[in-house]
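Data first, discussion second: the structure below is written as structure tokens.
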There are 2 protein chains.
Amino acid sequence: MTETAWHEELRAKGYRVTPQRQLVLEAVKTLGHGTPEEICAKVRQTARGVNISTVYRTLELLEELGMVTHTHLNHVAPTYHLAAEADHVHLVCRGCGEVSEVRPEMADGLVKGLEEELGFVADVRHLTVFGRCRGCRVA
Amino acid sequence: MTETAWHEELRAKGYRVTPQRQLVLEAVKTLGHGTPEEICAKVRQTARGVNISTVYRTLELLEELGMVTHTHLNHVAPTYHLAAEADHVHLVCRGCGEVSEVRPEMADGLVKGLEEELGFVADVRHLTVFGRCRGCRVA
DNA sequence: ATTCTTGCAAACAATTTGCAAAGAC
DNA sequence: GTCTTTGCAAATTGTTTGCAAGAAT
């Protein structure tokens, strides 16, 4: 999606292009992963201020537009990331808390099984696997 | 685990067997799945009253003892269930919100892949797959 | 009798909402 | 100028904590 493409999309739906919305999207892009709070903090590094409630409202809007998605990597707050770059499965290590990503094909067997056996279409992009990474397995 | 077995276990660790603890465990067992709030409501159907904070404290204790586990099926509240019956993968339908369970072997390919490729040991019992069930796929 | 547990209310954290002022079109 | 969006503060919701009274051992 080009820079102007989503501006068009916003306008087409009667929404407006505001600096806040651009800043939030930019922050999500730079952070890769981020909770609303983290995204808010990131935005504040560059711009003077964006209210936390605006961040929430913007993330909701961006999600509705399909530009970002979120997963629940921890119990406290949801984590947002670009939908375009969301084509991966999340791995969260219970030992060190490290979050990593792996190719979605990794889950192909599971996806195919669910589809064939139950007619359930899995959204791999929202898939998070908890466990222990190599380093934390021994410790 | 027999009825008395976990009573012994509680006492062995210096904890006490109280009606509240038995009621909460019973509620989790009957509900299958439940948020702290739902569990509290269930308990109140039979007994006069258990405070919500006691439910939280009890679930924390039961989890520590390995009798229950929890997953995050929605953004709002965690869902608790019996650890003994937790050997399954959760499916959550985005359409109707229905929560179902499937055999953990379904994820064998994924688990094996992560293990072999990254040395990551996945905890399948905490795995939740989001998507759309057969019924909601068309609608 | 001792020590763990509970209930209650207050403290907290994350998120949402109402509304007037500011901004995009 | 019209209608959306923002900021702010207050309201909600989910969860935790301090402490005195109550219960299990």
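In what follows, every heavy atom counts, from backbone to side chain, and hydrogens, waters and symmetry copies are set aside. Here is how names work: the chains are called A, B, and so on, in the same order as the sequence lines, proteins then strands, and each is numbered from 1.
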query: Which distance, rounded to the nearest 0.5 Å, do you find between the CZ of F130(B) and the OG1 of T128(A)?
result: 8.0 Å
- request: With sequence neighbours excluded, tell me which residues meet side chain to side chain donor-acceptor pair (under 3.5 Å) with E64(B).
  value: Y15(B)
message: So, using salt bridge (Lys or Arg N to Asp or Glu O under 4.0 Å) as the criterion, who are the partners of E37(A) when residues are at least two apart?
response: none
Scan nucleotides 21-23 of chain C against the protein and return all N/O pairs shorter than 3.5 Å with their distances rounded to 0.1 Å.
{"residue": "dG23(C)", "atom": "N2", "partner": "R16(A)", "partner atom": "NH1", "Å": "2.6"}

- prompt: Under 4.0 Å between a side-chain N/O of N51(B) and OP1 or OP2 of dT6(C), yes or no?
  reply: no
query: Counting only non-hydrogen atoms, which of residues 54-61 of chain B are less than 4.0 Å from DNA chain C?
result: T54(B), R57(B)
message: Could you work out, with side chain to side chain donor-acceptor pair (under 3.5 Å) as the rule, every residue matching E60(B), not counting sequence neighbours?
response: none
task: Select one nucleotide: of dC8(C), dC25(C), dT6(D), the one nearest the side-chain heavy atoms of S53(B).
output: dC8(C)
statement: Rounded to whole Å, CG of L23(B) lies from P of dT6(C) at a distance of 11 Å
- request: Any pair with a residue in residues 104-115 of chain B that passes side chain to side chain donor-acceptor pair (under 3.5 Å), sequence neighbours left out, goes on the list, sorted by first then second residue, please.
  value: R137(A)-E115(B)
- request: To the nearest 0.5 Å, tell me how far Y56(B) OH sits from N51(B) CG.
  value: 11.0 Å
field: Separation between OG of S100(B) and CG of L114(A), rounded to the nearest 0.5 Å
entry: 9.0 Å
message: Does dT6(C) have its OP1 or OP2 closer than 4.0 Å to a side-chain nitrogen or oxygen of R21(B)?
response: yes
- request: Take A77(B) and R11(B), find for each the nucleotide of DNA chain D with the closest heavy atom, and name the residue whose nucleotide sits nearer the 5' end.
  value: A77(B)
Polar contact flag, side-chain donor to acceptor under 3.5 angstrom, H33(B)-E101(B): yes
message: With a 4.0 Å cutoff (strictly under), does any side-chain N or O of Q20(B) reach OP1 or OP2 of dA23(D)?
response: no
query: Could you state the NZ-C1' distance from K13(A) to dC25(C), rounded to the nearest angstrom?
result: 19 Å
